[in-house]
Amino acid sequence: MNNDNQKVIIVCGTTTEMLKADSIIRDNHIEVDLVPTPSQYGSICSTSIALEEVNKITAERILEKIKIKYNIYPYRVRKLLGLMESLKKAKLSTAFQVIMNKIEMGHELTKDDIVVLLNTEEPKEIETLYSVADRLRKEIVGDIVEIRGAIEFSNYCKKSCNYCGIRKGCDLPHRYRMDEDEIMEAVHQLVEMGIRTVILQSGEDDYYDTEMLCGLLKKIKKVTKMGITLSIGERSRFDYLLLREAGANNFLLKIETTNRKIFESIHPDNDYDQRIQCAKWLKELGYVNGSGNMIGLPGQKIEDIAEDILYFKEMGIHMIGIGPFIPAPGTPYEDLPTGSVEMTLKAIAVTRIVCKNVFLPATTALASIDPDGQRKALEVGANTIMLISTPEKYRTSYQLYKNKNMIDIESALEAVKNSNRKLPKYLKLPNKEGIQ
Ligand code: 5AD
């Protein structure tokens, strides 16, 4: 769709209705995009349909014919009024000021704009970038930090991604698989803490076939009613469909980099187009889609990171995990340099500015190379923390990279407190001095 044309946004009551509406409007040859619902019109989890205003009446007729309930709104841009005024005294380059003006007016940023923001080394400009992202974060998603729990249920993997510490080629001292009872026990611990979303993550391990996973998902749903995020890598469209029907709500499948050459060189057994295809299937099937990238991959340029951010926006990704690359012992990349904390923070900030109403986690990778990384991320646009909720006896065997930080509730609370943010009401915490 042409970015300059006036757009409208269709918000349906349920995901099923939204998917039905999306497909029938497309069948009528109207160009549409599935996008995270702007915060004025819906929650951070919901997806809506964007289309050009010239097609509004036709789309309305189509939806009325099939009796789908919907609301239609102008796709209003989010302005940051007063921004330029507040920057009057700051010493900023002209290029940087032009971009700040665009942000104030709610105009879309181009790849070149994003490159300027990521490239700047000027302390005043970096500070400005961070504070703009923080202001947008506050206005769009508020002060509450979403807390989720990740259960890493298997470190077996059939793939040999060059960066990853649990790749097939790694001679790990301990490979493990959690059985259903162990997983349920870890899930119950999250329920006791009041946590509402569980992330089930593993290597690409076919031992857990779709039938087995569906059984697990149904059980979790029935017993806990929790939101379920799967992070189990590439599978077939049919598998994704069955998993969705069995209760999976979200799916985290990172692109890692949108640079095809780099993608292919770091993933010896993956195909770039297939990864994109999987992400598209997930979206079509009504998953809330997660993606993300690594900062500091071999050969990666700032332009590549800018493309990643535009990809997240264009694909309508809701959950975007941005972390530094960290060399993992025993992998082909063990001697490569670690990605930069500052570039990771800049990428988080720009992603908040560009993608708006999305979940941006303060990633484990960032916390692993900077003990204060989570607070820093929360202060430049991030709004989510994922706890490592894998049972202790397995935790250390899920070493994706060296010195992985085992984010626990205490460190999460500390980061929330130090960034002056709020805990979600659903958390049930033991009263600990200095924390609550
Ligand atoms: N450095 C940083 N992040 C890594 N991941 C895996 N290996 C590394 C590494 N060496 C991240 C990837 C993957 C997620 C589960 O962990 O982004 O998608």
Side-chain angles (χ1 to χ4, degrees), residues 148-170 172 199-205 229-235 250-259 262-263 265-270 272 275-276 278-279 282 289-300 304-305 308 311-312 317 319-341 343-344 347-348 351 360-370 373 377 384 386-390 394-395 397-407:
R148 301 179 166 194
I151 302 170
E152 298 146 331
F153 64 92
S154 161
N155 70 351
Y156 279 85
C157 192
K158 64 178 180 190
K159 300 250 170 102
S160 282
C161 308
N162 287 336
Y163 51 84
C164 183
I166 62 165
R167 68 200 291 272
K168 181 178 161 207
C170 260
L172 291 189
I199 299 151
L200 297 173
Q201 187 177 95
S202 68
E204 292 204 15
D205 184 3
T229 302
L230 280 180
S231 177
I232 55 169
E234 294 182 2
R235 298 234 169 173
N250 319 326
F251 204 105
L252 200 52
L253 179 69
K254 293 194 183 182
I255 187 74
E256 315 292 0
T257 172
T258 51
N259 178 312
I262 300 177
F263 182 96
S265 76
I266 65 177
H267 297 118
D269 19 42
N270 280 335
Y272 181 75
R275 179 63 59 98
I276 305 257
C278 286
L282 291 164
N289 252 8
S291 187
N293 63 350
M294 280 182 277
I295 304 294
L297 288 169
Q300 187 186 47
D304 298 319
I305 301 173
D308 295 348
Y311 164 86
F312 301 141
I317 304 287
M319 167 87 150
I320 306 162
I322 299 174
F325 159 72
I326 307 171
T331 64
Y333 292 172
E334 66 181 342
D335 295 323
L336 293 185
T338 303
S340 120
V341 171
M343 187 52 73
T344 305
I348 293 173
T351 303
L360 279 180
T363 51
T364 312
L366 183 61
S368 300
I369 60 166
D370 182 339
T384 308
M386 284 189 207
L387 309 177
I388 307 284
S389 309
T390 309
Y394 297 129
R395 230 173 252 186
S397 303
Y398 205 85
Q399 281 288 347
L400 298 174
Y401 37 79
K402 80 172 172 251
N403 299 328
K404 184 171 153 227
N405 187 330
M406 300 302 164
I407 309 292

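Atoms within a ligand are numbered from 1 in the order they appear, just like the ligands themselves.
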Exercise. Looking only at N/O atoms, are Phe325 and ligand 1 under 3.5 Å apart anywhere?
Worked result: no
Exercise. Less than 3.5 Å between some nitrogen or oxygen of Gln201 and one of ligand 1, yes or no?
Worked result: no
Exercise. Are Thr257 and Asn293 linked by a side-chain donor-acceptor pair shorter than 3.5 Å?
Worked result: no
Exercise. In terms of residue, atom name and distance, what is the protein heavy atom nearest to atom 13 (C) of ligand 1?
Worked result: Glu256 OE2, 3.3 Å
Exercise. Is there a side-chain contact between Glu234 and Glu204, using heavy atoms and a 4.5 Å cut-off?
Worked result: yes
Exercise. What's the shortest distance from atom 8 (C) of ligand 1 to any protein heavy atom, and which residue and atom give it?
Worked result: Tyr401 CD2, 3.5 Å
Problem set entry | Residue pair Met386 / Ile407, side-chain heavy-atom distance below 4.5 Å | no
Problem set entry | Protein contact of atom 3 (N) of ligand 1 - nearest heavy atom, named by residue and atom, plus distance | Met294 SD, 3.4 Å
Exercise. Would you say Thr338 and Tyr401 make side-chain contact, with heavy atoms under 4.5 Å?
Worked result: no
For this session: Check ligand 1 against Lys254 and write out every atom of the ligand that is under 4.0 Å from a heavy-atom position of the residue.
Result: 17 (O), 18 (O)
Exercise. Closest non-hydrogen protein atom to atom 1 (N) of ligand 1, residue and atom name please, with distance?
Worked result: Ile326 N, 2.9 Å
For this session: Give the residue, atom name and distance (to 0.1 Å) of the protein heavy atom nearest atom 2 (C) of ligand 1.
Result: Pro324 O, 3.2 Å
Exercise. Around Lys159, counting heavy atoms of other residues, nucleotides and ligands shown, do more than 12 lie under 6.0 Å from its NZ?
Worked result: yes
Seminar exercise, completed: shortest atom 14 (C) of ligand 1-to-protein heavy-atom contact is with Leu400 CD1, 4.2 Å
Exercise. Can any side-chain N or O of Gln399 pair as donor or acceptor with the backbone N or O of Leu172 at less than 3.5 Å?
Worked result: no
Exercise. So, do Leu200 and Ile232 sit near enough that their side-chain heavy atoms are less than 4.5 Å apart?
Worked result: no
Exercise. In the protein, which heavy atom is nearest to atom 7 (N) of ligand 1, and how far is it?
Worked result: Tyr163 CD1, 3.3 Å
